[in-house]
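Below is one structure, written out as structure tokens, with a few remarks after it.
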Amino acid sequence: MPVTHNRICRSPYDAVLCDLDNVIRFYDLTRLAELEHAAGLPPGTTAALAYGPEIDLPLLLGKITQEEWVDAVALGLADRVPEGTARELGAALARAPFRADPVVVSLLRRVRARLPLVLVTNATLELEDDLSTLGLADLADHVVSSARVGVAKPDREIYEIAAERAGVPVHRCLFVDDQLQNIEAAMALGMTGVHYRGPEDLREALAVVLEA
């Protein structure tokens, strides 16, 4: 059953759907950068390989474990660095420390008191543990994880699942993401889209609700 919230009549939307990574959660890739520098690799080499669809999508759809993902990353780097180094690089990316932005978390907790809040994220099977580590297991009314529902952004189905979980029509949803292709897909369904580049983007989008 959808969670009941006090609806604000003047709001142009009745639910907020929000991405996780690079909006709420941010990774510290300092160690990975050090390893790449030591290996003579250009910065970002490991991430560019790891986040390519051939390697990343099976992880995001829950078809492989994080360790299997590390194996695939190491294999992809094997022609550039020694095997041990390749595995160390993959592991450094997979186990990079992360933090939550307290400003964004505060804004979302405030809006959840008024509207349903759903996290919509391309994530791994470790997502629930990650949210607990961040102290955010109770941040949203629902979490729609690609690894659990078997479909990833920007596939329209994941947005439809999120709107259904929120209990509102798709055209009454606000969708927040840092990736333009994900926003465009949401807007094609009739959602209001917000391109997140910093907390002010979120604060501006939520002002009509939080200041009412």
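Computed from heavy atoms alone, side chains included, the values below leave out hydrogens, waters and symmetry copies.
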### Ile55 with Leu59, same ILVMFWY side-chain cluster at under 4.5 Å
yes
### Task
Determine the minimum heavy-atom distance between Val209 and Arg114, stating which atoms define it.
O-NH1, 2.9 Å
### Query
Excluding sequence neighbours, so at least two apart, what forms side chain to side chain donor-acceptor pair (under 3.5 Å) with Asp155?
none
### Query
Distance from Glu164 atom CD to Cys173 atom SG, nearest 0.5 Å?
11.5 Å
### Summary
Nearest heavy-atom contact between Ala205 and Leu174 is CB-CD2, 4.2 Å
### Query
In terms of hydrophobic clustering (I, L, V, M, F, W, Y; side-chain heavy atoms under 4.5 Å; direct or indirect links), are Leu125 and Tyr51 co-clustered?
no
### Query
Do Arg165 and Asp141 sit within salt-bridge range, that is, some charged N less than 4.0 Å from a carboxylate O?
no
### Message
On a heavy-atom basis, which atom in Trp69 and which in Asp56 lie closest, and how many Å separate them?
### Response
NE1-OD1, 3.6 Å
### Query
What distance do Leu108 atom CG and Leu119 atom CG have between them, rounded to the nearest 0.5 Å?
7.5 Å
### Query
So how far is it from Leu131 CG to Leu20 CG, rounded to the nearest 0.5 Å?
6.0 Å
### Query
Partners of Phe98 by ring-ring contact (aromatic ring centres under 6.0 Å, His included), sequence neighbours excluded?
Tyr27
### Query
Roughly how far apart are Asp177 CG and Lys153 NZ, rounded to 0.5 Å?
4.0 Å
### Query
Ion pair present between Glu160 and Arg156, side-chain N to carboxylate O less than 4.0 angstrom?
yes
### Ion pair Glu88/Arg31, N-O distance below 4.0 Å
yes
### Task
With rounding to the nearest 0.5 Å, note down the distance linking CG in Leu29 to CD in Glu36.
8.5 Å
### Query
Checking His195 side chain against Asp178 main chain: does a donor-acceptor pair fall under 3.5 Å?
yes
### Separation of Arg80 CZ from Leu89 CG (nearest 0.5 Å)
10.0 Å
#### Entry: Any donor-acceptor pair under 3.5 Å from Ser146 side chain to Leu60 backbone
yes
### Query
So, do Asp14 and Pro116 sit near enough that their side-chain heavy atoms are less than 4.5 Å apart?
no
### Message
To check you understand the geometry: which heavy-atom pair defines the closest contact between Asp201 and Arg197, and what is its length?
### Response
OD2-N, 2.8 Å
### Message
In this structure, would Val105 and Val16 fall into the same cluster of hydrophobic residues linked by side-chain contacts under 4.5 Å?
### Response
yes
### Task
Show the numbers, then the answer: is there a side chain to side chain donor-acceptor pair (under 3.5 Å) between Glu67 and Thr65?
CA-CA 5 Å; Glu67 286 305 312; Thr65 66; over 6 Å; no
### Query
Do the side chain of Arg172 and the main chain of Ala15 share a donor and acceptor less than 3.5 angstrom apart?
no
### Message
Does Glu68, at its CD atom, have more than 12 non-hydrogen atoms belonging to other residues, nucleotides or ligands within less than 6.0 Å?
### Response
yes
### Task
Taking all heavy atoms of Asn122 and all of Asp21, pick out the closest pair and write down the distance.
O-OD2, 4.4 Å
### Query
What heavy-atom pair brings Arg109 and Leu136 nearest, and what distance separates the two atoms?
NH2-CD2, 3.7 Å
### Task
Any chance you could pull the hydrophobic cluster mates of Val170, using side-chain heavy atoms under 4.5 angstrom and chaining through other members?
Leu17, Val118, Val120, Val144, Val149, Val151, Ile158, Tyr159, Ile161, Phe175, Leu180, Ile183, Met187, Leu189, Met191
### Stepwise side-chain contact (heavy atoms from CB on, under 4.5 Å) test for Asp101 and Ile24
CA-CA 6 Å; Asp101 186 324; Ile24 301 170; over 6 Å; no
